[in-house]
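In what follows, chains are A, B, ... by sequence order, proteins preceding strands, each numbered from 1.
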Amino acid sequence: MSKHHDELDEKAPPKGGFSRRGFFRGVGVTSGALGSAILGEQEADAAQAAGAKIGPGAVPVSLNINGKVHNINVEPRVTLLDACRNHLDITGAKRVCDRGTCGACTMIANGKVIYSCTVLAVDAQGKQIQTIEGIAAAARPHPLSTAFVNNDGQQCGYCTPGFVMAAKGLLDKNPSPTYDQVKAGLGGNLCRCGTYVGVRKAVLEAAKAMKGAKNA
Amino acid sequence: MQAFEYANPTSLKEALGMLSSQWGEADILAGGTDLLSLMKEYIHTPKRVINIKGIKELGGITKTAAGLRIGATATLDELTESAAVRTEYPSLHQAAMGVSSPQIRNMGTVGGDLCQRPRCWYFRQGYGILGQEKGKSLVPDGENRYHAIFPKSQAYFVNASSLAPALIALGAKVKIAGPNGNRELRVEELFVVPSSNAARELALAPNEILTEIVVPSARGVKNATYEVRQKEALDWPLVTASVAIRMKGSSVASAKVVLGHVGPTPVVATAAEQMLTGKSLTQDVATEAGKSALDGAQPLNGNAYKVQLARVAVKRALLEAAKARG
């Protein structure tokens, strides 16, 4: 059973270990990329090939989340969601099914909604990632958040951050959706309390409130 | 999931050099929507994971006079956003929209849709691709409501691809790169019935990469996909029917009818195709074709309902195609 507890896995020393050598190997990726400009083409290729395989121990990972760059050391098997929740204290996105089905972990990467539980952190580097923490202006809730409150768009609230992010992804692409488009646009998110009707109303209300201000 | 070494090659050659000639050693990562789940369940425990999204030549969708070239790492979202796909290949557009989660469409790739492993819950619980215990399949006497109605030998799982039926009906091919060069397969040849509980359901070697999908021009071909799901939202299909019809005047010159999620490989409904030839696409003819397509179905004790769903899917796909230009 404990084998299926990823949290334990992640903390357990990996095969090959988190060693000084592993760390330097990881650093080699960055220095290889920087160095390629001044190396001959053949040497650059060799440097890249040498640095192309990383892990299984912890490696340096750089994530751009809500406009801020975070540098952490995690194993390649750590997902974007777990990197945020367990290493960066960015806990708005929730870990529910952890299998790319329920949508509670929804984030936006380069303008597209994604399941952060099903993306490796190491694979999310170089992307502009937005989480629920990053959508509101200072001291003012995002119109979507307000609309969720106004329309009873949540009961237990655990799926809500994912729904808000999925809705934001939808409205960024289609600022004036129809009811059916809202329904289809939220097809990747589940709410076991069954607040779908309130959620859809909230998204339509937010769309009206946001007219002319894409990201208020 | 088990720890692994991660590689991020930028060329196909580099990626091919990182694969192993043994299954289970290395896995190819594209969208990750299936692979990460398989790894979390310890169904796949690769020592190395090779991300192929950094290989530029594997991406993109291009329309030429000869047809459509879809890079293996093009996402389902790119496919649904393509105007060329929507106008000339509505069956592909409809099939991709059937993957009804925007998140999965943004992440999942066309190559990944074809190469994803079956959803059979015995397989996903570690009983192997044929779902066997002590050499005997657990499916016929077990929970089989989503399983095959056209089983083949001991294989009761269903092929999970949403796009395969449409691609087969449209006559598409896949290109495959390996250590000894490139080869091509018709999409229907990509799927095979596994010979043992440890074998694979794809005609790919462990050191090969599916690089692109080539769909011939569908000008003058009426095509459509009709999918039945348990939920309106994200779910795999219960059954899918894809059709591609060439007309001569008001009657059918030739028809392709392909069923998905009814057998371990997509099922080409030859009897329905022959029955349609020379007929007009009326409601009665479409209903009759649906019946023909399901001749010979062998449902299990819990999935006879899928026979009727598939009949209706064929009928509705044909009537949708009849409306389409082409």
Original post:
Between Glu227(B) and Trp236(B), do the side chains contain an N or O donor and an N or O acceptor separated by less than 3.5 Å?
Top reply: no
**OP:** Give a yes-or-no answer on whether the side chains of Glu133(A) and Thr131(A) include a donor-acceptor pair shorter than 3.5 Å.
**Re:** yes
Subject >> chain A-proximal positions within residues 51-58 of chain B [heavy-atom distance under 4.5 Å] >> reply: Asn51(B), Lys53(B)
Original post:
Can you pull out the residues in residues 95-105 of chain B with any heavy atom less than 4.5 Å from chain A?
Top reply: Ser100(B), Ser101(B), Pro102(B), Gln103(B), Ile104(B)
Original post:
Side chain, backbone, both or neither: which part of Leu120(A) has a non-hydrogen atom closer than 4.5 Å to chain B?
Top reply: both
Subject >> Pairs of heavy atoms under 4.5 Å with chain A: top-ranked of Lys47(B), Met39(B), Glu232(B) >> reply: Glu232(B)
Subject >> Worked verdict on His142(A) versus Met210(A) for side-chain contact (heavy atoms from CB on, under 4.5 Å) >> reply: CA-CA 9 Å; His142(A) 188 277; Met210(A) 287 162 71; 3.7 Å; yes
**OP:** Could you pull out the closest heavy-atom pair between Gly169(A) and Ile108(A), with the gap in Å?
**Re:** N-CD1, 3.8 Å
**OP:** Work out which heavy atom in Ser62(A) is nearest to a heavy atom in Gln125(A); give both atom names and the distance.
**Re:** N-OE1, 2.9 Å
Would you say [X] and [Y] make side-chain contact, with heavy atoms under 4.5 Å?
{"X": "Ile50(B)", "Y": "Asn8(B)", "value": "no"}
{"X": "Glu201(B)", "Y": "Asn159(B)", "value": "no"}
{"X": "Met107(A)", "Y": "Gln130(A)", "value": "no"}
{"X": "Asn174(A)", "Y": "Pro177(A)", "value": "yes"}
{"X": "Leu238(B)", "Y": "His261(B)", "value": "no"}

Original post:
Are Arg200(B) and Trp23(B) in a cation-pi contact, defined as NZ or CZ under 6.0 Å from the six-membered ring centre and within 45° of the axis?
Top reply: yes
Chain A contact via [X] - which portion, at a heavy-atom distance below 4.5 Å:
{"X": "Asp77(B)", "result": "side chain"}
{"X": "Leu29(B)", "result": "side chain"}
{"X": "Leu36(B)", "result": "side chain"}

Original post:
Between Tyr146(B) and Trp121(B), does the ring centre distance come in under 6.0 Å?
Top reply: yes
